[in-house]
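What follows is a set of notes on a single structure, which appears directly below.
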Amino acid sequence: MNEVQGPTPTGSSRPYKSLAEALRGQRIDPVNHDFIRAIVEAVDISTFIDRGRYIEAIRRGEGAALHIGRTYTNGFTEDEQIVVAGRALPLAPSEGRAPYFYVTHPSELLGAPAGVSRPARAAGTRAPAKPKPEPRAPKATPVEDRDYGICEVCFMVKTPSGGCGCD
């Protein structure tokens, strides 16, 4: 769980109408949607709020709100047991939200960044090096970056022909 937690950068937040809208709004990898949906159903969530870097999922009953990020869901207690697909999820202690625990989303367990699938390679092999591109000739300085001087009468920037606004 390496993602930074905290309020939205602008300090604002808004409720989402549904989990599906929240997952789309946070651009969470579709590989994780069913997994997160199962967690939300197991914990009984009532409301989803946009907090900028994560979705805050408010529980109906007792317990802390869950923070659903792109790679994790945080906010479980040590003795809480979340069962998804007939299997209890392995919880890890939260680094930034003690005393709570978090679970890593499936896309992270597969080893690929969110939304990116990597082809499998044999151990000890490297991808071939890409050839370096040919060096290019330096580009000419654009006309708008050149200095043509300033008119001493109207203080406007002179045109390439040496004119100004008072000509």
Side-chain angles (χ1 to χ4, degrees), residues 1-136 139 142 144-145:
M1 191 182 88
N2 298 330
E3 296 181 16
V4 177
Q5 298 179 13
T8 60
T10 60
S12 61
S13 61
R14 66 180 179 85
Y16 287 112
K17 294 178 184 175
S18 66
L19 175 61
E21 179 188 0
L23 296 173
R24 278 191 312 273
Q26 288 289 321
R27 296 185 187 121
I28 292 178
D29 189 340
V31 170
N32 299 324
H33 287 199
D34 289 336
F35 179 77
I36 295 169
R37 191 171 294 109
I39 291 173
V40 165
E41 289 170 2
V43 176
D44 194 24
I45 299 296
S46 65
T47 308
F48 302 98
I49 301 171
D50 176 10
R51 294 292 187 204
R53 294 179 202 91
Y54 61 89
I55 302 163
E56 183 176 25
I58 309 296
R59 298 180 192 231
R60 286 189 201 281
E62 295 288 320
L66 298 181
H67 291 184
I68 304 170
R70 290 184 187 202
T71 61
Y72 67 91
T73 298
N74 188 348
F76 303 105
T77 60
E78 185 175 15
D79 59 336
E80 199 166 7
Q81 190 170 28
I82 307 301
V83 178
V84 173
R87 183 176 84 96
L89 298 178
L91 300 176
S94 177
E95 298 158 6
R97 197 173 174 223
Y100 299 112
F101 287 73
Y102 73 96
V103 64
T104 304
H105 293 167
S107 64
E108 292 301 297
L109 298 175
L110 297 173
V116 177
S117 61
R118 293 183 184 161
R121 287 196 311 220
T125 62
R126 293 183 68 183
K130 294 181 182 178
K132 293 189 178 185
E134 294 291 322
R136 296 182 182 177
K139 292 184 178 181
E144 55 271 5
D145 288 348

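Excluded from the calculations below are hydrogen atoms, water molecules and symmetry mates; all remaining heavy atoms, backbone and side chain alike, are included.
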Angle class for the Y102/Y72 ring planes (parallel below 30°, perpendicular above 60°, tilted otherwise)?
perpendicular
Test side-chain contact (heavy atoms from CB on, under 4.5 Å), reference I55, set V40, I28, I45, output is I28
CG (D44) and CD1 (I58) are apart, to the nearest 0.5 Å, by 13.0 Å
Between the CG atom in D50 and the CD atom in E56, the distance rounded to the nearest 0.5 Å is 10.5 Å
On a heavy-atom basis, the closest approach of A22 and F48 is CB-CB, 4.3 Å
Using a strict cut-off of less than 4.0 Å between a Lys/Arg side-chain nitrogen and an Asp/Glu carboxylate oxygen, indicate whether E21 and R14 qualify as a salt bridge.
yes
Side chain of N32, backbone of S107: donor and acceptor closer than 3.5 Å?
yes
So R97 and H67, do their side chains get closer than 4.5 Å, heavy atoms only?
yes
Distance check, rounded to the nearest 0.5 Å: Y100 atom OH versus L66 atom CG?
10.5 Å
Atom CG of L89 and atom OG1 of T73: how far apart are they, to the nearest 0.5 Å?
9.0 Å
Looking only at heavy atoms, what is the nearest atom pair of P90 and V103, with distance?
O-CG2, 3.8 Å
How would you list, by chain and number, every residue that makes a salt bridge (charged side-chain N to carboxylate O under 4.0 Å, His left out) with E80, sequence neighbours excluded?
R59
If you compare all heavy atoms of S94 against all heavy atoms of N74, which two are closest, and at what distance to 0.1 Å?
OG-ND2, 3.0 Å
Side-chain contact, heavy-atom cut-off 4.5 Å: I82 with F101?
no
Quick one: sort the H105 and F35 rings into parallel, tilted or perpendicular, breaks at 30° and 60°.
perpendicular
As an exercise, state the distance from CD1 of I36 to CG of L19, rounded to the nearest 0.5 Å.
7.0 Å
Using 0.5 Å steps for rounding, measure from the CG atom of L91 to the OG1 atom of T104.
10.0 Å
Heavy atoms, side chains only, cut-off 4.5 Å: are Y16 and Q26 in contact?
yes
